[in-house]
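Before any comments, here is the structure.
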Amino acid sequence: MKHIVKIMALLVALSAIWISLLQTSVLPESYTWLLPLYSIVTLGCYGLLMVGVGLMRFPTCPQESLLLQEDIVEAKGFLKEKGVDVGSD
Amino acid sequence: MASISNSMEAKEDDDNNKYSIIVPTYNERLNIALIVYLIFKHLQNVNFEIIVVDDGSPDGTQEIVKQLQQVYGEDRILLRPRAKKLGLGTAYIHGLKHATGNFVVIMDADLSHHPKYLPSFIKKQIETGASIVTGTRYVSGGGVHGWNLMRKLTSRGANVLAQTLLWPGVSDLTGSFRLYKKSVLEDVISSCVSKGYVFQMEMIVRASRKGYHIEEVPITFVDRVYGSSKLGGSEIVEYLKGLLYLLVTT
Ligand SMILES: Nc1nc2c(ncn2[C@@H]2O[C@H](COP(=O)(O)OP(=O)(O)O)[C@@H](O)[C@H]2O)c(=O)[nH]1
Ligand SMILES: [Mg+2]
């Protein structure tokens, strides 16, 4: 099944629940009408929150860049000795 | 009894493994030399070959590769050039045709993918029997160095969007430091059509949909020191188009 179909199915299921809520009026009607809006806002907030948290916790590795510099020096030394042209650049 | 012979078989198999490391290059004259040295340094008791797919780099990358062949041997470093710049996706396919190993590693030449992680890819594959081991920057032990806030923001946004819409089951979709069983790579790559970043994403999403066993290992990613990035332009738009494409085709 294509993935978009799965997502559509999910949306259809959610709408079905919503419509049945409207008809059975378990919740106050005005409240039920606004439910889709609430869901969209919630989803949006979730997305922004995830991006925000991800950004705050973005894993960085400054020490890796120093280690890489050492590796580069080591590699250049070895290669130069073997006659590989690592001079330019 | 059975378990003993099984583990002995597994041991036997490990010793017979050969890894073909495909490195696409375009103007990576210095980087290719450095990365070859580092691969040999970190894979001392492993049977491997390095396949350099160079797209006619004007900076003389191929000259350097030939010099490296003199040092390390033409059987260990294979130069499989193409006449002109034809893009990354087809570079992998081209390299794959010449691979003689039963496993294939794909990595960038620009030192953002450090060869020191190769042993952990190999170890993870042997431990789990996975079809694909993919490097991830977004778990503990992983990380990125050298990105500005904007770059981080787009990366996070892209990731959250893809995770919510595609449910791919891997944490780092656009990373391209990966180890594949050769047959699996051949299978997956033949069904991929995207370009650029989306290509990496398409590969892993399709593999995941096909039910292949995918494992992750943490890697760190240091932005390139030498040379310049070849991907660019309207990346965000391309990415969104790619996402849409994957939604309707996978
Ligand atoms: N053969 C070949 N290699 C390429 C091409 N474009 C990029 N590459 C290589 O692919 C790797 C990743 O490219 P890079 O420019 O670093 O992309 P970025 O890391 O996403 O910015 C590097 O090793 C490049 O030299 C291409 O058209 N042909
Ligand atoms: Mg790069």
Side-chain angles (χ1 to χ4, degrees), chain A residues 1-15 35-89, chain B residues 29-31 33-38 40-41 59-60 63-68 70-72 111-112 114-116 137-147 149 152-153 155-161 163-168 205 209 218 220-223 225-227 244 246-250:
Chain A
M1 190 163 57
K2 301 291 182 219
H3 196 71
I4 191 81
V5 182
K6 284 188 215 163
I7 292 180
M8 289 302 180
L10 191 68
L11 288 179
V12 169
L14 287 176
S15 332
L35 262 183
L37 191 67
Y38 289 149
S39 327
I40 291 170
V41 171
T42 313
L43 194 65
C45 287
Y46 163 82
L48 287 181
L49 195 77
M50 291 305 284
V51 174
V53 168
L55 211 53
M56 266 162 49
R57 296 222 193 119
F58 203 98
T60 55
C61 47
Q63 74 291 351
E64 288 298 323
S65 138
L66 301 177
L67 292 176
L68 181 60
Q69 289 304 329
E70 289 171 19
D71 288 338
I72 290 174
V73 172
E74 180 187 320
K76 276 187 176 170
F78 175 86
L79 291 166
K80 202 170 279 171
E81 208 167 281
K82 295 281 179 183
V84 179
D85 175 19
V86 287
S88 65
D89 211 318
Chain B
R29 177 187 175 86
L30 180 53
N31 286 328
L34 300 175
I35 201 167
V36 162
Y37 170 82
L38 290 171
F40 276 90
K41 177 181 168 188
D59 76 342
E63 280 311 305
I64 301 292
V65 176
K66 282 171 193 153
Q67 292 176 11
L68 289 164
Q70 298 308 309
V71 178
Y72 291 101
L111 299 177
S112 293
H114 199 296
K116 72 181 167 194
R137 298 163 283 191
Y138 303 129
V139 295
S140 81
V144 176
H145 176 79
W147 282 3
L149 187 63
K152 288 180 185 168
L153 184 68
S155 163
R156 286 322 302 170
N159 213 347
V160 168
L161 208 58
Q163 295 292 342
T164 332
L165 290 177
L166 291 174
W167 318 339
V205 171
R209 300 280 194 260
T220 57
F221 182 101
V222 178
D223 214 21
V225 185
Y226 300 107
L244 205 67
L246 288 180
L247 268 175
V248 298
T249 61
T250 70

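Order of the sequence lines sets the chain letters (A, B, ...), proteins ahead of strands, with each chain counted from 1.
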When the 4.5 angstrom heavy-atom criterion is applied to B:L34 and chain A, the contacting part is both
Checklist entry - Heavy atoms, side chains only, cut-off 4.5 Å: are A:H3 and B:V205 in contact? => result no
Given A:M50, A:Q69, A:E74, the one with more heavy-atom pairs under 4.5 angstrom with chain B than any other is A:E74
Please list, one pair per line, the donor and acceptor atoms closer than 3.5 Å that link side chains of residues 57-68 of chain A to other protein atoms, with sequence neighbours excluded.
{"unit_1": "A:E64", "atom_1": "OE1", "unit_2": "B:K116", "atom_2": "NZ", "d": "2.6"}
{"unit_1": "A:E64", "atom_1": "OE1", "unit_2": "B:T220", "atom_2": "OG1", "d": "3.4"}

Hits for ring pair (Phe, Tyr, Trp, His ring centres under 6.0 Å) against B:H145, two or more places apart or cross-chain, chain-then-number order -> none
Interface check, chain A: of B:L244, B:V139, B:V225, B:L166, most non-hydrogen pairs under 4.5 Å belong to B:L166
Between the CD1 atom in A:I7 and the CG atom in B:L247, the distance rounded to the nearest 0.5 Å is 5.0 Å
Note: A:K2 and B:T249 closest approach over all heavy atoms is NZ-O, 3.4 Å
When the 4.5 angstrom heavy-atom criterion is applied to B:F40 and chain A, the contacting part is neither
Across all chains, not counting sequence neighbours, the ring pair (Phe, Tyr, Trp, His ring centres under 6.0 Å) partners of A:F78 are B:Y37
Taking a cut-off of under 4.5 angstrom between non-hydrogen atoms, the residues of residues 36-44 of chain A near chain B are none
**OP:** Report yes if some heavy atom in the side chain of B:L111 is under 4.5 Å from a heavy atom in the side chain of A:I72; otherwise report no.
**Re:** yes
So, the part of A:L79 with a heavy atom under 4.5 Å from chain B: the answer is side chain
Bottom line for B:V71: the part with an atom under 4.5 Å from chain A's heavy atoms is side chain
Closest non-hydrogen atoms of B:A33 and A:V86, given as atom of the first, atom of the second and distance, are CB-CG1, 4.0 Å
In terms of heavy-atom contacts, B:Q67 and A:D85 come closest through OE1-N, 2.7 Å
Rounded to the nearest 0.5 Å, the CG atom of B:L30 sits from the NZ atom of A:K76 at a distance of 5.0 Å
Within 6.0 Å of NZ in A:K6, more than 12 heavy atoms from elsewhere
yes
If one checks every heavy atom of B:R137 against chain A at 4.5 Å, the contacting part turns out to be backbone
Looking only at B:I35, B:L68, B:L165, B:L161, the option with the highest number of non-hydrogen pairs under 4.5 Å against chain A is B:L165
Heavy-atom nearest pair, A:G47 first then B:V160, reads O-CG1, 4.1 Å
Under 4.5 Å to a heavy atom of chain A? For B:W167 that would be both
